[in-house]
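The block underneath contains the structure these notes are about, expressed in structure tokens.
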Protein chains: 2
Amino acid sequence: MSEQLAEGVIELLRQRGLRMTPQRRVIVSEIMRTQGHISPTALARRVQGELPGVNASTIYRTLSVLEEAGVLAHAHLEGGAEYHRAEDAGHVHLACSRCGAEDDLSLDEADALQQLIEQHHGFLPDLTHFAISGLCAECRRELSAG
Amino acid sequence: MSEQLAEGVIELLRQRGLRMTPQRRVIVSEIMRTQGHISPTALARRVQGELPGVNASTIYRTLSVLEEAGVLAHAHLEGGAEYHRAEDAGHVHLACSRCGAEDDLSLDEADALQQLIEQHHGFLPDLTHFAISGLCAECRRELSAG
DNA sequence: GTATATGCAAAGGTTTTGCACAGCC
DNA sequence: GGCTGTGCAAAACCTTTGCATATAC
């Protein structure tokens with residue numbers, strides 16, 4: 001399935017007049033097979049594992065290209081910026097500041113939050129762009145118990 | 001008023017056995033008079049304007065000390081980490097990705113959001129830790145008009 | 001006097017950029 | 001063949017750290 005995703009992206013880049021190099025192929029295929037988010041550094045490691053010698057600057061430049069093409073988007077998590085597939089939008093990220101656990105809000109929940117913010121400010125939030133930090137249920141229990 | 005805040009902080013640091021140097025005095029006074037958030041770099045500029053020669057590492061170390069003492073907290077905005085007074089908690093930050101405008105949710109609104117998230121996951125969010133990105137009302141209008 | 005805070009310099013990490021060369025179309 | 005993409009190296013940031021010195025208490 002991610003193979004097909006990668007194919008589609010390659011097609012789209014072609015249509016935009018962009019060139020498909022071996023590096024781009026590997027980068028696209030890696031990031032399209034990634035569930036959720038990945039940092040540029042982590043992506044670089046994976047890509048270099050598959051095609052040694054790919055330079056970090058190529059990773060960054062390709063990520064920009066893909067973001068401009070609407071294929072990717074980035075979000076801010078505790079550790080910095082991470083990239084995810086644009087079609088994976090709606091993933092509102094919950095990150096536990098104590099144990100690092102990660103969870104996502106459902107689309108319905110995200111909608112409810114969005115409407116709440118929208119009503120009071122006319123502000124249209126993109127809740128996917130920043131994570132939501134806090135304490136997961138388990139850590140809350142442990143803290144109140146201990 | 002911010003003078004009194006700074007006094008209180010200095011008192012608190014004293015009680016903790018921390019020393020009050022001229023550098024710390026200026027840093028504390030600058031950050032206590034700051035409404036909202038400020039980046040370490042921006043703070044450094046201000047402090048150095050008032051007391052030339054203060055090293056950046058002193059700024060960072062003092063920010064850490066103040067955060068550990070519970071006086072400050074940091075939040076993640078588009079441009080990176082920024083510090084704000086801990087008592088200014090509850091400031092949920094709305095940042096327009098188009099024009100850069102900034103706004104805050106009211107405490108009631110923040111509570112409503114928090115409860116919504118809490119109900120569905122047992123996750124206790126700290127909505128102040130990351131900003132909420134999106135489009136402000138004005139930019140939405142301009143975009144739909146243009 | 002002693003423990004702590006500072007300045008300085010260096011290192012660390014991530015991301016960007018200029019440039020010559022390679023390679024896609 | 002021409003233009004785009006890549007690697008390399010350097011730079012630009014931001015932040016941290018080790019160490020000698022200065023200084024608050």
Side-chain angles (χ1 to χ4, degrees), chain A residues 9-31 37-69 71-83, chain B residues 6-7 9-31 37-69 71-83:
Chain A
V9 171
I10 289 174
E11 188 54 35
L12 186 143
L13 295 181
R14 276 233 171 74
Q15 287 172 10
R16 292 204 165 208
L18 298 167
R19 297 177 180 176
M20 284 315 304
T21 62
Q23 293 90 335
R24 280 197 178 158
R25 255 178 249 281
V26 174
I27 294 171
V28 165
S29 124
E30 274 300 339
I31 201 153
H37 47 84
I38 186 171
S39 68
T41 315
L43 178 62
R45 275 193 295 272
R46 286 197 202 166
V47 167
Q48 287 159 358
E50 202 169 326
L51 183 64
V54 177
N55 195 272
S57 58
T58 300
I59 305 283
Y60 284 103
R61 287 190 275 230
T62 304
L63 284 172
S64 294
V65 166
L66 292 173
E67 189 163 25
E68 278 166 31
V71 174
L72 299 181
H74 73 272
H76 297 279
L77 310 188
E78 192 69 39
E82 306 235 341
Y83 285 79
Chain B
E7 289 304 313
V9 171
I10 289 173
E11 188 53 35
L12 187 143
L13 295 181
R14 275 233 172 74
Q15 286 172 10
R16 292 204 165 208
L18 298 168
R19 297 178 180 177
M20 284 315 304
T21 63
Q23 292 89 336
R24 279 198 179 155
R25 254 178 248 281
V26 172
I27 294 172
V28 166
S29 124
E30 274 300 338
I31 201 152
H37 46 83
I38 186 170
S39 69
T41 314
L43 178 62
R45 274 193 296 273
R46 287 197 201 166
V47 168
Q48 286 159 359
E50 202 169 325
L51 183 64
V54 178
N55 196 271
S57 58
T58 299
I59 305 283
Y60 285 104
R61 287 190 275 228
T62 304
L63 285 172
S64 294
V65 165
L66 292 173
E67 189 163 26
E68 278 166 31
V71 174
L72 300 181
H74 73 271
H76 296 281
L77 310 188
E78 192 68 40
E82 307 235 341
Y83 285 79

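To find a chain, count down the sequence lines: A is the first, B the second, and so on, and within it residues start at 1.
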Rounded to the nearest 0.5 angstrom, the CG-CZ distance for A:Leu51 and A:Arg25 is 11.5 Å
To the nearest angstrom, the CD-P distance between B:Glu67 and D:dT15 comes to 13 Å
Closest of D:dT15, C:dC25, D:dG7 to the B:Thr41 side chain is D:dT15
Comparing nearest nucleotides in DNA chain D, the 5'-proximal residue of the pair B:Thr21, B:Ser64 is B:Ser64
Between the CD atom in B:Glu82 and the CG atom in B:Leu43, the distance rounded to the nearest 0.5 Å is 10.5 Å
Between CZ of B:Arg14 and C1' of C:dA5 the distance, given in whole Å, is 15 Å
Between CD of B:Gln23 and C1' of C:dG7 the distance, given in whole Å, is 9 Å
From CD1 of B:Ile38 across to P of D:dC14 the rounded distance in Å is 14 Å
note: A:Leu43, atom CG; C:dT15, atom P; distance rounded to Å ~ 11 Å
With the side chain defined as heavy atoms from C-beta on, B:Arg24 is closest, among C:dA5, D:dG7, D:dG5, to C:dA5
Exercise. Indicate whether the side chain of B:Arg61 and that of B:Ser57 have a donor and an acceptor atom separated by less than 3.5 Å.
Key: yes
task = Please answer whether the main-chain N or O of B:Met20 pairs with a side-chain N or O of B:Arg14 as donor and acceptor at a distance below 3.5 Å.
result = no
Discussion item. Main chain of A:Val54, side chain of A:Gln48: is a donor-acceptor contact present, judged purely on distance under 3.5 Å?
Written reply: yes
dist A:Ile59:CD1 -> A:Ile27:CD1 (nearest 0.5 Å) comes out at 4.0 Å
Rounded to whole Å, the CZ-C1' distance (A:Arg19 to D:dG5) equals 8 Å
When rounded to whole Å, the CD to P distance for the pair B:Gln15 and D:dA24 reads 20 Å
Rounded to whole Å, CZ of A:Arg16 lies from C1' of D:dT4 at a distance of 16 Å
Is there side-chain contact between A:Arg46 and A:Glu30, with at least one heavy-atom pair below 4.5 Å? yes
The correct set of residues in residues 49-61 of chain B placing a heavy atom under 4.0 Å from DNA chain D is B:Ser57, B:Tyr60, B:Arg61
